[in-house]
Peer 1: 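Quick one: this structure, given as structure tokens, is what I'll be asking you about.
All ligand and atom numbering here is 1-based and tracks the order in the structure. Positions are given from 1, in the same order as the sequence printed here.
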Amino acid sequence: MNENNNGGNGVGLGIQHRKSPFAEYFKEVIYGGIDGIVTTFAVVSGFSGAALSSDTTTQLTFIVVLLFGLANLFADAVSMGLGNFLSVRSEKDQYAILRAKERSLIQMNPASEKEETIALMRTKGFSETDAKTLADIYSTNEDYWLDFMMANEYEMSDPRGDNPVLTGLTTFGAFIAFGAIPILPFIFLQDMTSVQMFQVSTIGTILALMLLGMMKWKIVGTGFARSIGEVVLVGATASIIAFMVGTFFRF
Ligand SMILES: [Zn+2]
């Protein structure tokens, strides 16, 4: 398969701004990171809620936080990474199948595909004459014509430059890296009280979420306040719920 069409699919009118692969992976880092940190902080909050509402907080509590936190972290990271790997792969498969089908349509019945192209061009605002001219030109270049059909008839973005393995690994790595943050105090600051550990965990989580929110603002391009506000709000909501649920379970 021809993989070197990353930049070259500014297909006709349906120009799809192909983001750089770098930005694409950064997006995985952001979403995987948010998911990871929210997941483990919810676990930490749940157990802290349980521990803080009980009179006898023992060392056992921290071991439980650690075990559940780590188990959750790895299980979710694997499932997220694998899920992303599978979704990119199936997207590529689906694209390849549709493209092959469209190619055989073009070869078997170019006249009707030309009519389709003219109709698509007309919906984009071209005059009948210009639409015909463009369809004539496109029909001289099968691959380019197929790119146009995929983008405009099927409205699919071109996933051929995507790498399912790298995408899956990026998600997994970001999930682990950011997801570890809320449980770090429970590993390295064990001489602190449970309240202090939870406070350090909370501050670290908020800072990391703000960092992810800023990355989202820079790379995904959502507004500054909205990016940071949303990320922190999602994290806070999940954690408050987990904390409250945790207070119902006393050790
Ligand atoms: Zn078609």
Peer 1: Give a yes or no on whether a salt bridge exists between Asp147 and Arg160, defined as a side-chain N under 4.0 angstrom from a carboxylate O.
Peer 2: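 Salt bridge present between Asp147 and Arg160.
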Peer 1: Once rounded to 10 degrees, what value does the angle at the Zn ion (ligand 1) take between OE1 (Glu113) and OE1 (Glu116)?
Peer 2: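 Rounding to the nearest 10 degrees gives 90°.
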Peer 1: Classify the ring geometry of Phe41 against Phe198: parallel below 30°, tilted from 30° to 60°, perpendicular beyond 60°.
Peer 2: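 Rings of Phe41 and Phe198: parallel, as their planes differ by under 30°.
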Peer 1: Does the side chain of Ile228 reach to within under 4.5 Å of the side chain of Met214, using non-hydrogen atoms?
Peer 2: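 Of all side-chain heavy-atom pairs linking Met214 with Ile228, at least one is under 4.5 Å.
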Peer 1: Specify whether Phe74 and Phe172 have parallel, tilted or perpendicular ring planes, treating 30° as the upper limit for parallel and 60° as the lower limit for perpendicular.
Peer 2: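 Aromatic pair Phe74/Phe172 classed tilted.
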Peer 1: Using only N, O or S atoms, tell me which atom of Glu102 is closest to the Zn ion (ligand 1).
Peer 2: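 Relative to the Zn ion (ligand 1), the closest nitrogen, oxygen or sulfur of Glu102 carries the name OE2.
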Peer 1: For the Zn ion (ligand 1), which N, O or S atom of Glu153 is at the shortest distance?
Peer 2: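 Result for Glu153 and the Zn ion (ligand 1): OE1.
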